Amino acid sequence: MTYIVNDNCIACKYTDCVEVCPVDCFYEGENMLVIHPDECIDCGVCEPECPADAIRPDTEPDMEKWVEFNRKYSEMWPVIITKKDPLPTADEMDGKEGKMDLFSEAAGEGG
């Protein structure tokens with residue numbers, strides 16, 4: 001099992017999860033985070049920390065696409081280990097539908 005970040009993170013990018021991760025397996029894009037599925041140790045401490053409920057176990061139905069999505073972008077984006085402020089749109093975008101239209105493949109700063 002591993003944990004993944006889904007589209008609920010897009011345009012929010014809360015980083016509370018990064019601060020508690022014991023293995024630094026989060027990677028930062030311009031407007032979301034992902035988890036490297038091969039680095040995640042399945043401890044689960046990140047899941048309850050996410051205000052947007054964007055972190056889910058891969059054992060839930062239809063998670064295969066999110067495992068591959070997280071793998072792809074974790075190999076392209078820099079690691080993030082430090083908590084940062086969420087995006088300015090986070091509160092208004094939390095829980096919105098159709099956020100994949102807002103997804104950016106651009107890398108974040110990491111750090």
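Heavy-atom basis, side chains included; hydrogens, waters and symmetry copies ignored. The shown structure was predicted, so the numbers you read here are calculated from the model rather than taken from an experiment. Throughout, numbering of the chain's residues begins at 1 and tracks the sequence.
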How about F26 and Y3: are their ring centroids closer than 6.0 Å? no

N-O pairing of E68 and R71 below 4.0 Å: yes

Where do [X] and [Y] come nearest, in terms of heavy atoms and distance?
{"X": "K72", "Y": "M76", "value": "O-CG, 3.4 Å"}
{"X": "A107", "Y": "W77", "value": "CA-CD1, 3.5 Å"}
{"X": "C9", "Y": "L33", "value": "SG-N, 3.4 Å"}
{"X": "N6", "Y": "M32", "value": "O-CE, 3.5 Å"}
{"X": "G110", "Y": "E28", "value": "N-OE1, 2.7 Å"}

Around atom CD of E109, are there more than 12 heavy atoms of other residues, nucleotides or ligands at under 6.0 Å?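 Counting other residues, nucleotides and ligands, CD of E109 stays at 12 neighbours or fewer.
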
Do other residues, nucleotides or ligands put more than 12 heavy atoms under 6.0 Å from E97 CD? no

Rounded distance (nearest 0.5 Å) linking atom SG of C21 with atom CD of E39: 9.0 Å

Within this structure, what is the CD1-SG distance for the pair I55 and C46, rounded to the nearest 0.5 Å? 4.0 Å

So [Y] and [X], do their side chains get closer than 4.5 Å, heavy atoms only?
{"X": "M93", "Y": "L102", "value": "yes"}
{"X": "K13", "Y": "N31", "value": "no"}
{"X": "C12", "Y": "P86", "value": "no"}
{"X": "K83", "Y": "V18", "value": "no"}
{"X": "D16", "Y": "P51", "value": "yes"}
{"X": "D58", "Y": "P37", "value": "no"}

Is the backbone N or O of [Y] less than 3.5 Å from a side-chain atom of [X], with the two atoms forming a donor-acceptor pair by type?
{"X": "D24", "Y": "I81", "result": "no"}
{"X": "T15", "Y": "K84", "result": "yes"}
{"X": "N70", "Y": "W66", "result": "yes"}
{"X": "S74", "Y": "V34", "result": "no"}

